[in-house]
Structure formats: C-alpha cells, structure tokens
Number of protein chains: 2
Amino acid sequence: MEPLYRRILADLTDRIARGDLSPGQMLPSETEIGAQYGASQGTARKALSLLEARGILERRQGRGTFVAVSTDETALFHFFRLRDAAGALVTPVLERQSVTLRDATPDEVALDSPRVYEIDRLRRIDGRLAARERVVVAADRFPGLGERQTPANALYPFYQRAYGVAILTASETLAPAVAEAGQDGLEVAAGEALLLIRRQAGDVAGKVAELRRCTYAMAELTYAVDLR
Amino acid sequence: MEPLYRRILADLTDRIARGDLSPGQMLPSETEIGAQYGASQGTARKALSLLEARGILERRQGRGTFVAVSTDETALFHFFRLRDAAGALVTPVLERQSVTLRDATPDEVALDSPRVYEIDRLRRIDGRLAARERVVVAADRFPGLGERQTPANALYPFYQRAYGVAILTASETLAPAVAEAGQDGLEVAAGEALLLIRRQAGDVAGKVAELRRCTYAMAELTYAVDLR
DNA sequence: CAGTGGTCTAGACCACTCC
DNA sequence: GAGTGGTCTAGACCACTGC
C-alpha cells in the first residue's frame, strides 16, 4: 500500500507535468489539499515540502504555495557553469542561431520522438566566437518551435513559458579537447584547449526533455561544479 | 527564537563534527532524543530526517539511526567523476605517493592553518601514468599524517576512520588544457588534451577540510556531473 | 517478541503577508 | 483581521529488524 503522502506527491507532480497547474499558479492551502485527498494537513504538508525540496514548488510563509517559475537567473544559476578566471559568471552573447526540423538520429532515442527540432547557436564570449551549442528537443513536445521567436538567452524559462516544460535536472559529460583551426565554426586556432559538453536535461517527471552538445573555447574560462 | 528542531540539528551536527559521536555509532531512538532536548518525538524526527538528507546520518526502519560511514563506494560515487567512453567508472591504480609537511601558501588560507600536509599522488589509468593529484590538508586537523600509512585508494574513508573528518561536499573548478611533453610527471605527449581540476572539499560543519589540484590525461575519458 | 523508524491524525499556537 | 505556511505536541498504528 503506497503511503498517502506519496500519492499526493505523484498526483501533484503529474498535474504540473501535464500543465493542469501552470508556472506561478497558487495552490490551495495545506488544509484544503489535505481535504481533497482525504488526508490531514500534516500529510499534505509532507508532500508539499518534498515538492519544494525538488524545486517543483515554492512556498512562503504568509503568502502560499506556488508552482515554481523558471527565470533567467534560476536557469543560469543551476545550469550554466562557465566562470571567468575570477570566478564570475560569464555571459555569452548570441551571434546567430538557426532552428531545424529533422528526423531523430539513433543517439537521440532518449527524447522518444521520431522528429526533433535542433537549435544551433553560435555565441561570443568577450567578443570572440567561442561557444557553439546544438540543442535538440522532441518536435511533438515543442510544436511549432521553428516558427516561434526563440529567445537570445536562456532557453529553459522559454520552454516553461511557451510549452509548460520545466527543466529541473541535467546530467553532463565533459571532455577536454584540442582544437582544429576554426572547429565548429568558432574563432579558434589549431592547438587551443576546448571543453566539450554533452547534456541530458530532465523535466518535472524525470523524463529527458532536451539534449545538447556544446563546444566552448576555454582560454581563461573554467567550469564550476558543486558535488554533494 | 530559534526553533527547537534547529537546535537539535545544530547540536547533533556539532557532536558529530567534534567526534563525540563516531562513524557507525547508533544514536538513541527518536523518542529518547526528543526527551533529552525536552521535545516531542515528532520534533526530534524532523532534525534527524534533515541530517539524513544531508548525508550525515543513516536511518533504517527497524534498525535505528547511525552516524553515516564513508566507504570507498560512497566516496567514489559522490566525488570521483571520471568515466570511460562507455560511461563506466575508471579506477586509477596508485603508482607512488609522497607526503610532505610544509607551510601553507597564501592560496591555502581556506584551510585556516599555518602548517599543512601535502599528499602527492601519481596514478595509472589503463597502464599509463595519467593522473597527478596534489592533496592539501591542515596539519593540526590531521596530526601525524606523515608517519601514517596512507591508503592506496580513496582518502575520504581514511580521513573519517583515522581522524573523524567526514567529507560531505566539494566544489570543483574544471579547465581543459593542452599538455606539454611529460607535464606534471605524467606520460603525456605534447599537444594532448588534459583536464585540470581544483577542488575544495567541505566537512560536516561546512568547513573547508581539503584542497586538491589534479591533472588528468583524458584520452577517451570523460567527467560526469549531475546538476540539480 | 521488544524496539526501531515510517505514516498519519487532530489540534494548538506562532510568524508572516496582504488587505 | 483573515489567511497562509512554520513549529510543536501527544498519541495511534504500521512495517521492519533482530533476537
């Protein structure tokens, strides 16, 4: 028998993943949610606290409980790890990007979709073309992405705003490399150090929602991680 | 007024950090801990659950609550992120290591100690000298480290077993680099890709307990991270 | 079987936010 | 002042562990 708080947890997660509850929306009080599931306030509270710990909800004493909203700040803070020599956040500037609709390749099975959009972005760091990011998402989860205005900066707030897809987790694989001249369309010299990053990003329900392959020319840059 | 559960939390953390409660030791039951602090079982439970979430305690229904023990497995799982091309854990083999007692350098102020031990390790990956790790700890927290037998593999279980210092967190800074021939005493050719990693590792109380500077020759290797 | 943590309740009071 | 989450209690029953 599954504990009551787990059922509340699963049901709320599901409703948020389906878009039944949207970003920024206020939830009923603990007492009321408890009543809806035939549970006490304490049991509803347990589920709500767990959802808060996962970053799915935000709760504030005196205000209420809200579906967490992804902003440029939170997205950068969680998922953008490039820092300069002093440890300060680096902000690449978009040079150009293209969006293509195509068939998924075999190594994109995790997206579980035959058709995908690929967003290809070239960005400048300190004036130099030093970042190339190829982002792939399932076409059926992001319908009409090719016709939309895609944002110049963080994609995750856009995913949430336009499609209700909240990115909460990512697993990355990093490898250093030595550049060939002009590799990946970047302004890099042969023999320069590069950092190659592959990312799988997951949504509220833990499903893979995005894949990326990035190349960064790393003169003076570092990648910062916290392990727990 | 600080909430009761926070005082229990802080006090237990402190007792573990001081070595008053040692790794593997069983704690009293929830009810009894509550009684010791003049609190109910539910309040003690809240503190204990938080300590479990932080990895400081381990709790098991029917068995009891125990101070978490660092094993080779948990240490590798949390803090050793090198993987081979297939994503499997890489196991470097110790070639040789040396331990030196010396004055702390200015960039080691985080250790808050005038004297430090430096453990310098060279390790083989797939038969090649491909890993150099320089580990620095405060001499007064690890007395006699130079005279002890230091382990061939994971240091963190050793820190905990021998000195009661449990490593729970680490922030790392990664940078790719291009090797010079024989750099850092490794068997690397000029122009090969390297990964440089600096780490600050924190203990139960959040204090910096260890610094490391590592160099890895990365042919076919990757570094895996999970972001949340 | 006794003892542990895990779930759940019903109710109290406090701290904060907003009108 | 009304409504929210945050803390805390006392007690119940269940599920699991180990003797």
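Chain naming here is simple, since letters A, B, ... match the order of the sequence lines and numbering starts at 1 in each.
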_For DNA chain D, which residues of residues 58-68 of chain B approach it to below 4.0 angstrom with any heavy atom?_
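Residues of residues 58-68 of chain B under 4.0 Å from DNA chain D: Gln61(B), Gly62(B), Arg63(B).
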*Asp120(A) pairs by side-chain hydrogen bond (donor to acceptor under 3.5 Å, both in side chains) with which of Arg134(A), Gln97(A), Arg132(A)?*
Arg132(A)
*Taking atom types as modelled, find out whether Thr65(A) and Arg59(A) have a side-chain donor-acceptor pair closer than 3.5 angstrom.*
yes
*Say whether Glu210(A) and Tyr159(A), considering side chains only, have a donor N or O and an acceptor N or O under 3.5 Å apart.*
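Yes, side-chain donor-acceptor contact under 3.5 Å.
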*Thr169(B) OG1 to Asp226(A) CG distance, which is reported to the nearest 0.5 Å*: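 So the OG1 of Thr169(B) and the CG of Asp226(A) are separated by 8.0 Å.
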*Would you give the length of the straight line joining atom CG of Leu57(A) to atom CG of Leu27(A), rounded to the nearest 0.5 angstrom?*
6.0 Å
*Tell me, which of residues 50-57 of chain A have any heavy atom that sits under 4.0 Å from an atom in DNA chain C?*
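None, since no heavy atom is under 4.0 Å.
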*Closest non-hydrogen atom pair between Gln160(B) and Ser70(B), with its separation*: OE1-N, 2.8 Å
*How far apart are the closest heavy atoms of Val69(B) and Pro23(B), and which atoms are they?*
CG2-C, 3.8 Å
*Given DNA chain D, 5'-ward residue of the pair Met1(A) and Gln41(A), judged by closest heavy atom*: Gln41(A)
_Span of DNA chain C in contact with chain A (heavy atoms, under 4.0 Å)_ =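 First-to-last contact on DNA chain C, by the 4.0 Å heavy-atom rule, is dT7(C) to dC18(C).
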*Quick one: label Leu48(B) by what it contacts on the DNA or RNA (base, sugar-phosphate, nothing), any heavy atom closer than 4.0 Å.*
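Contact class for Leu48(B): none.
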*Indicate, with a heavy-atom threshold strictly under 4.0 Å, whether Gly38(A) touches base, sugar-phosphate, or nothing.*
sugar-phosphate
_I'd like to know whether the aromatic ring centres of Phe142(A) and Tyr163(A) sit less than 6.0 Å apart in this structure._
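Centroid distance Phe142(A)-Tyr163(A): below 6.0 Å, so yes.
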_Before you tell me yes or no, could you show the steps for Arg123(B) and Asn153(B) under side-chain contact (heavy atoms from CB on, under 4.5 Å), namely the whole-Å CA-CA distance, both residues' side-chain angles and the distance that decides it to 0.1 Å?_
CA-CA 10 Å; Arg123(B) 304 214 273 178; Asn153(B) 291 309; 4.2 Å; yes
*Lys/Arg-Asp/Glu bridge criterion (N-O < 4.0 Å) met for Arg199(B), Glu133(B)*: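 Salt bridge: no.
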